[in-house]
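Since this is a predicted model, take the numbers as computed values, not measurements.
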Amino acid sequence: MRSVGIVCGYDLNDGLHDYVKSVAPLIERENLDFVILSGGRTSPQSHHSEAWVMAGHLREILASPELVLEEHAMTTLENLIFARGLAEHHAGVVARFVVFCDRVHQRKVAALAKLILGARAIVRSVDHDVTHRVRFFEPLSHLIESVVARFPRLRKYLRAAAIRMKGVSGTPPAAARPAIAADDEPHHRRAPP
């Protein structure tokens, strides 16, 4: 049985490097077979995904464990759904998920992890500065994503709204675009060691 870490990515314009530095010691303490870095291209100023940027920063700090990039997720709900699919694809049966997030998103991540990953999920959070806008919007985001988690047909509308709010297109620039698969089968790649 395998243990898998999931690092939820946050806005590329909002101190992602500092967030990764805070998460790294927590990852190191866990006995994880591999870590999924989850987050799509959420900034119109970047051609890269949150997962790709986090992998670069994390490799500066930790040599192991193995990293798998999930570069399609636009919301916390998608972070967990897509990461679960990747974990099961790479590991088969997963005994334990350890989900890493910031304290502002902790309640939402814990609630969604229970719905998506079940009792085998543990949530670890770190302090991370976020904008007042994010803090203000988080209770509404928690409500919306919890409803959408229970009604999967609404996922496409949540995704479209997230893309619009973040000011990005649904497709990244050609230079950064791997093939995008169906909703629960996201594209991914392994980060180089």
Side-chain angles (χ1 to χ4, degrees), residues 1-12 14-40 42 48-130 134 138 141-142 145-146 149 184-193:
M1 296 264 213
R2 312 284 299 262
S3 289
V4 177
I6 299 171
V7 180
C8 295
Y10 297 110
D11 190 6
L12 285 165
D14 195 22
L16 201 52
H17 182 264
D18 292 335
Y19 169 64
V20 170
K21 279 175 52 177
S22 298
V23 169
L26 299 180
I27 292 172
E28 201 167 32
R29 278 185 235 147
E30 299 290 339
N31 185 20
L32 301 170
D33 293 295
F34 60 93
V35 174
I36 297 171
L37 304 174
S38 182
T42 58
H48 300 294
S49 68
E50 292 171 349
W52 188 88
V53 172
M54 288 191 297
H57 295 316
L58 198 54
R59 276 294 166 243
E60 294 172 1
I61 303 166
L62 296 176
S64 63
E66 176 184 359
L67 302 178
V68 175
L69 279 58
E70 183 292 302
E71 300 181 277
H72 188 57
M74 297 300 287
T75 65
T76 303
L77 178 61
E78 287 185 346
N79 288 143
L80 298 175
I81 291 170
F82 296 164
R84 181 194 68 204
L86 286 177
E88 291 168 353
H89 172 77
H90 285 287
V93 177
V94 177
R96 179 176 73 116
F97 287 100
V98 182
V99 183
F100 302 95
C101 64
D102 68 25
R103 287 206 205 297
V104 172
H105 294 85
Q106 182 179 9
R107 286 185 123 152
K108 175 173 68 178
V109 170
L112 293 174
K114 185 175 181 180
L115 289 169
I116 304 303
L117 306 173
R120 51 193 177 153
I122 300 165
V123 176
R124 305 271 190 247
S125 65
V126 297
D127 286 323
H128 175 63
D129 287 333
V130 297
V134 169
E138 188 57 18
S141 173
H142 183 163
E145 290 189 61
S146 294
D184 283 349
E185 298 175 17
H187 64 279
H188 63 281
R189 57 185 167 167
R190 291 182 185 272

Check: Does the pair Tyr19 and Val7 meet the rule for a side-chain contact (heavy atoms from CB on, under 4.5 Å), with working shown?
Finding: CA-CA 10 Å; Tyr19 169 64; Val7 180; 3.9 Å; yes
task = Output, in order, the C-alpha distance, side-chain angles, deciding distance and verdict of side-chain contact (heavy atoms from CB on, under 4.5 Å) for Val20 and Leu37.
result = CA-CA 10 Å; Val20 170; Leu37 304 174; over 6 Å; no
TODO: Assess whether side-chain contact (heavy atoms from CB on, under 4.5 Å) is satisfied between Val94 and Arg84, documenting all intermediate values.
DONE: CA-CA 9 Å; Val94 177; Arg84 181 194 68 204; over 6 Å; no
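Phe82 CZ to Met74 CE: the interatomic distance, rounded to the nearest 0.5 Å, is 10.5 Å. Taking CG of Asn31 as the reference point, atom CZ of Arg96 lies at 7.0 Å (rounded to 0.5 Å). Atom CG of Leu117 and atom CD1 of Ile122 lie 11.0 Å apart (nearest 0.5 Å). Distance check, rounded to the nearest 0.5 Å: CG of Leu67 to CD1 of Ile27 gives 7.5 Å. From Leu112, atom CG reaches atom NE2 of His105 across 11.0 Å, with rounding to the nearest 0.5 Å. His90 NE2 to Phe34 CZ: the interatomic distance, rounded to the nearest 0.5 Å, is 6.0 Å.
Of all heavy-atom pairs between Phe100 and Gly5, the closest is CE1-CA, 4.1 Å. What you find for Glu138 and Val104 is that their closest heavy atoms are CG-O, 3.5 Å. Of all non-hydrogen atoms in Cys8 and Val99, the two that sit nearest each other are SG-CG1, 3.9 Å. Across all non-hydrogen atoms, the minimal contact from Leu80 to Ala113 is CD1-N, 3.6 Å. The nearest pair of heavy atoms linking Arg124 to Val98 is CG-CG1, 3.7 Å. Here the closest non-hydrogen pair linking Arg103 and Ser125 is NH1-OG, 2.8 Å.
Considering only residues two or more places apart in sequence or on other chains, Asp33 meets the side-chain contact (heavy atoms from CB on, under 4.5 Å) condition with Arg2, Ser3.
Counting heavy atoms from C-beta on, the side chains of Thr76 and His142 never come closer than 4.5 Å. Lys108 has its side chain within reach of Ser141: a pair of non-hydrogen atoms, C-beta onward, lies under 4.5 Å apart.
Within the structure, the salt bridge (charged side-chain N to carboxylate O under 4.0 Å, His left out) test picks out no pair touching residues 15-29 (sequence neighbours left out).
Here the rule is side-chain contact (heavy atoms from CB on, under 4.5 Å) with Leu86, and of Ile36, Ile6, Val4 only Ile36 fits it.
Checked by atom type and distance alone, the side chain of Glu70 never pairs as donor or acceptor with a backbone atom of Ala83 at under 3.5 Å.
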